[in-house]
Amino acid sequence: MTLPTFICGLALCVAVATAVPAGNGGTNPKPHLVMILQDDLGFYDTDVFGNNPAAHSYSGNISGLAAKGIRLTNHYTHWHCSPTRRSFISGRLPIHHGEQLSPVDGDDIDLRMTWISEKLASAGYQGHWFGKGHTGYKSWHHLPANRGFKTHLGFLGGSQSYTSDDRWQNLHPLHNDQEFHDPPPGCNASATTSPWLLPSSSAPCDPSTFLKGKCLPYGEQRVFANTSDAADCCALCHGQAGCTHFVFRLDTKVNNCHIKFGGKGEPTQGQCTSGLLKPLPPPPSPPPGPDACATEYSSTLYGQMALQALDAHDPADPFFLYLPFQAVHTPYNPVPHWNNNTYYGMLWDADVWVGNLIARLKAKGMWDNTLIVYSSDNGGVEQGINYPLRGEKHSNWEGGMRTTAFVSGGLVPSHLQGTNNSVNMHIGENGGGQLSWLQWNNIFPPPPPTHTLMFQKRFEAAQGGTIFPHLRAATSGSPFVSVASTSYSQLRVGGRGASCRAFKTLVSCMSKHTMTSSIFGKKQRTRQQLSSGSKQP
């Protein structure tokens with residue numbers, strides 16, 4: 001088997017095999033590529049790194065896939081969603097497309113940037129995208145179906161109900177089954193409730209119902225605004241579709257009104273005035289039946305679409321699947337056929353379809369020529385757990401940016417299966433951007449000449465270089481130091497344990513990497529230095 005050339009600027013670690021002459025005078029086929037991106041997955045939410053065996057009951061396929069691959073113990077993303085996804089698609093660091101969250105009508109990926117899907121399509125790949133977007137769709141040319149993907153189905157924003165009828169298929173919106181082109185067999189919408197909508201029996205903006213001195217920190221940010229008081233902030237929330245609550249901050253005059261969507265939790269003390277809106281009644285669920293597909297639970301629908309695309313695919317052609325699950329991002333909607341913890345159920349549903357995908361690849365004889373890359377888009381938050389890392393999503397601690405990630409599939413050499421790799425990697429930087437890739441293999445023609453665009457003579461190329469030599473240097477053993485005399489149960493905060501930020505001995509929650517150096521390259525103080533009050537060198 002010819003070893004592939006791994007590139008990480010275009011997929012965390014997407015690998016593409018160079019067409020090298022085989023012993024029989026032919027050529028080795030181009031590998032099939034699968035990129036699975038989990039949303040807001042905590043570092044401790046699976047047993048990928050062998051430190052949470054209890055998670056096997058709801059993530060056994062994912063953990064088992066990692067056990068047969070290369071676990072990336074120091075893999076980094078951005079600390080929240082959109083920049084990570086844009087980096088994967090474009091092969092460029094966020095400095096080239098921003099650190100902001102992309103609105104649906106955003107223009108954050110410059111149209112001059114070539115997408116991974118376009119580069120692979122030029123090499124004969126059949127590309128499919130099923131799942132979350134959140135990269136900005138200012139124009140028709142920003143849609144995946146116009147950027148190298150043969151088929152696309154998903155939602156364009158950052159968060160919505162898992163059974164929402166606000167979805168998109170190829171070049172048209174998808175609101176009902178009449179608009180659904182070629183639905184997968186057996187899809188069936190299940191009636192669900194929306195527990196993340198916060199009930200209130202009061203009028204939406206009655207000041208007597210406001211929570212003074214309370215902050216509601218959960219939910220997805222929708223709008224930042226400047227308002228004169230909490231009542232105006234509430235009125236702004238009331239005028240925003242989907243807004244469930246607001247937070248009016250008293251400690252700043254800049255962007256002091258936060259309009260939020262979804263989430264569930266308890267308010268905390270702070271310099272805020274918050275309020276809950278009376279939720280609108282949920283739209284009626286379509287009756288269950290073989291044709292009720294447009295509002296199918298998202299993980300199930302995206303998994304079904306992936307299997308349908310795979311069933312229709314000719315194994316002789318190279319296959320590219322981008323599967324960015326909505327799970328386990330808020331809202332925590334109940335999962336069909338799951339009666340326990342909803343968060344675990346959301347991960348379980350995605351895990352079921354990962355298992356089905358593996359089985360189908362093997363049944364079609366494609367597994368031995370497949371490479372799978374798995375990652376979260378950022379660290380966990382809300383009910384996600386990042387133990388033993390400090391911080392969570394939206395923070396620049398390792399708990400926000402160092403993610404569960406691995407490379408697996410039949411293409412991984414047997415001597416690398418089940419190994420750990422501790423090389424620092426980034427989902428959009430390490431290991432070869434799309435333009436540099438042209439220099440390393442014979443799949444593509446030479447790059448086109450540069451063009452003068454406004455005041456620049458050359459558009460910035462994708463970053464990175466091949467990381468295959470680094471992946472071959474496997475390391476063994478646990479990627480973590482022992483957390484001195486501290487069990488996980490002692491680290492839980494507020495019943496959740498997603499981060500260690502509430503502890504005095506924060507350094508005990510750090511990984512080996514952050515105990516020796518921070519993301520800024522400065523040494524962290526040891527526990528002894530913290531307790532003795534010695535200065536940081």
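Nothing here was measured: the structure is a model prediction, and the numbers come from that model.
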Do you see a donor-acceptor pair shorter than 3.5 Å between the side chains of [X] and [Y]?
X	Y	answer
Ser102	Arg86	yes
Asp349	Thr300	yes
Glu398	Tyr76	yes
Tyr343	Asp45	yes

Taking the six-membered ring for Trp and the single ring otherwise, decide whether the centroids of Phe319 and His128 are under 6.0 Å apart. yes

Can you measure from [atom1] ([X]) to [atom2] ([Y]) and round to the nearest 0.5 angstrom?
X	Y	atom1	atom2	result
Asp317	His32	CG	NE2	8.5 Å
Ser63	Phe49	OG	CZ	10.0 Å
Arg71	Asn74	CZ	CG	13.5 Å

Among residues at least two apart in sequence or on other chains, which ones pass side chain to side chain contact (heavy atoms under 4.5 Å, CB included) with Ala327? Gln38, Tyr162, Ser299, Met346

With sequence neighbours excluded, tell me which residues meet side chain to side chain contact (heavy atoms under 4.5 Å, CB included) with Asp351. Ser59, Asn61, Ile62

So, using salt bridge (Lys or Arg N to Asp or Glu O under 4.0 Å) as the criterion, who are the partners of [X] when residues are at least two apart?
X	value
Arg147	Glu118
Asp166	none
Arg85	Asp39, Asp377

Under the rule for side-chain hydrogen bond (donor to acceptor under 3.5 Å, both in side chains), what residues qualify as partners of [X], not counting sequence neighbours?
X	answer
Ser298	Gln326
His175	none
Lys68	none

Is it true that a side-chain atom of [X] and a backbone atom of [Y] form a donor plus acceptor pair closer than 3.5 Å?
X	Y	value
Ser87	Arg92	yes
Ser376	Asn378	yes
Ser164	Gln160	no
Asn146	Trp140	yes

Residues which pass ring pair (Phe, Tyr, Trp, His ring centres under 6.0 Å) with [X], listed by chain and number, not counting sequence neighbours:
X	result
Trp348	Trp338
His78	His80
Phe180	none
His142	none

Would Thr295 and Tyr297 count as a side chain to side chain donor-acceptor pair (under 3.5 Å) if you check the C-alpha gap in whole Å, the side-chain angles of each, and the deciding distance to 0.1 Å? CA-CA 6 Å; Thr295 56; Tyr297 199 86; over 6 Å; no

Pair Lys138 + Asp105: basic N to acidic O under 4.0 Å: no

